[in-house]
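Indexing begins at 1, ligand by ligand and atom by atom, following the structure's order.
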Amino acid sequence: MLDYLKTKAERDAFIDKYDNFLFDCDGVLWEGTHMFDGVPEAMELLRSKGKRVFFVTNNSTKSREAFLQKFKGFNVKATKEEVFSSAFATASYLKHVLKFPEDKKVYIIGMAGIKDELAAEGIRSCGGEEDTGLTDNDAVPDDKEVGAVVIGLDTQVNYKKYAKAFTYLTRNEGCHFIVTNEDSTYPQHGGFYPGAGSIAAPIITALGRRPDAVLGKPAPNMLEAIYAEYGLDPKKTVMIGDRLNTDIEFGLNGGLDTLCVLTGITTKDELLSPSNKVKSTYYMDSFGDFSNP
Ligand code: PLP
Ligand code: CA
C-alpha cells in the first residue's frame, strides 16, 4: 500500500509485474494540450516489452476518433480499440444494456464527443452543441421521441437546455436520465473549471433523484467493457491515474492494483494524509519517470 516507486529497479519490477496498463489520460499523460516530459518514451518502453495499454478517460467532449488525433499530435501510438471514454461508454450502455429503441432519440446537454459516439452506435440525438436554446418566452415543445437525456460537460449550457432536459425527463414516460461522468471539476487554464458533475447537478436537484446511470470512472462499466472485449486477468492489470475519487476508486472497485501519479489533481499531502481513505498500491511523481535511465 502506497509504495513509492523511486528507483529504476522499483520501476522495472513494477513493469515486469503487470501485462495490462490502464491509463487515465488528463493528469497522467498530459495536461490539456501539454504532454508531460518522458511520456511518449515511457509508452514506447511498455509497448516494446509487449505490454497492452488502454486509455480510460472521463472526458466526454471528444469522440474516440478525436482522441486518436490528439495522440497523433503528441506522437504517441494509440488505436481506437484502446480508447475507452465516458462518451463511448454512454453510447455503448444505451445500445447494449438499455437496447435503446430505434424510434427514440437522445436529448444531449454536452458536446460533440457524445453526439459522435451515439451516431457511431446508430443512435439518433438532438440538442448538444447545435441547441442554442429557446427564446425567453418559448415553452418547451413536447417531443415524445426523446427516450433518454444524456448530460456531460457542456461549455454552452444554458437555462433553456435545462428546461428541455427536465421537461423530457418528467413528461416522457420511461425517459432515462444518464450522466457521462460526475467529475466535480476538471483541469483548465492552470486551474479548475466546473466539470460534468456540476453541469448535471441542477437536473439532479430539480428531479430530486439520482441519475439512472453514471458511466465514467469510478463506475465499473468501462472496466467491464474492457474485460468483455479483451478478457484481461485482473491480477496482471494495473490502473494508473491522478485522481483518487475517480481513477483510483475505479481501480479499487475492480480489484486492481493502482498507481497514483502526482502530475495531476492529487497532491502528495492529500495522498499520504491519514484522513485519505482511497489508498493506491503505488505512487510516483510522474509517469514520464519510467523513461529515466
Ligand atoms: N471531463 C472533461 C470535460 C475534461 O476535459 C477532462 C480532462 O481534460 C476530464 C473530464 C478528466 O479526464 P480524465 O479522466 O482523462 O482525467
Ligand atoms: Ca485524470
Please determine whether a side-chain nitrogen of the Lys or Arg among D289 and K6 lies less than 4.0 Å from a carboxylate oxygen of the Asp or Glu.
no
Identify, for atom 3 (C) of ligand 1, the protein heavy atom at the shortest distance, and state residue, atom and that distance.
L153 CD2, 3.4 Å
Nearest neighbour of atom 8 (O) of ligand 1 from the list D26, N181, D242, on a heavy-atom basis:
D26
Should we count CD of E41 as having more than 12 external heavy atoms under 6.0 Å?
yes
Examine F67 together with F55 and report whether their ring centres are nearer than 6.0 Å.
no
Please indicate whether K236 has more than 12 foreign heavy atoms, meaning atoms of other residues, nucleotides or ligands, lying under 6.0 Å from its NZ.
yes
What do you reckon, does Y186 have a nitrogen or oxygen under 3.5 Å from a nitrogen or oxygen of ligand 1?
no
Test of proximity, N59 against ligand 1: N or O pairs below 3.5 Å:
yes
From N181, D24, N58, D183, residue fulfilling side chain to side chain donor-acceptor pair (under 3.5 Å) relative to K217
D24
If we number the atoms of ligand 1 from 1 as shown, the ones under 4.0 Å from a heavy atom of K217 are 14 (O)
Can you tell me which N/O/S atom of D242 has the shortest distance to the Ca ion (ligand 2)?
OD1
Tell me which one of T246, N58, T155 gets a heavy atom nearest to atom 14 (O) of ligand 1.
N58
Atom 11 (C) of ligand 1: which protein heavy atom is closest, and how many Å away?
D183 OD2, 3.9 Å
Pair Y227, D233: side-chain N/O donor-acceptor within cut-off below 3.5 Å
no
Among D247, N245, L252, find the one that has a side-chain contact (heavy atoms from CB on, under 4.5 Å) with V278.
L252
Identify, by atom number and element, the atoms of ligand 1 in contact range of C25, meaning under 4.0 Å from any of its heavy atoms.
15 (O)
Does an N or O from T61, backbone or side chain, lie closer than 3.5 Å to an N or O of ligand 1?
no
Between ligand 1 and D247, is the shortest N or O to N or O distance under 3.5 Å?
no
Taking N, O or S atoms only and a limit of 3.0 Å, check whether D26 reaches the Ca ion (ligand 2).
yes
Which atom of T180 lies closest to which atom of A196, heavy atoms considered:
OG1-CB, 4.2 Å
Determine the interplanar angle of the F23 and F21 rings, folded into 0 to 90°, and report it as parallel if under 30°, tilted if 30 to 60°, perpendicular if over 60°.
parallel
Only residue of K161, K164, K115 satisfying salt bridge (Lys or Arg N to Asp or Glu O under 4.0 Å) with D131 is K164
Give me the nearest non-hydrogen protein atom to atom 15 (O) of ligand 1 as residue plus atom name, then the distance to 0.1 Å.
T57 OG1, 2.7 Å
Is the closest heavy-atom distance from R243 to ligand 1 below 4.0 Å?
no
Give the name of the N/O/S atom in D24 that lies closest to the Ca ion (ligand 2).
OD2
Looking at atom 16 (O) of ligand 1, what's its closest protein heavy atom, distance included?
D24 OD1, 2.8 Å
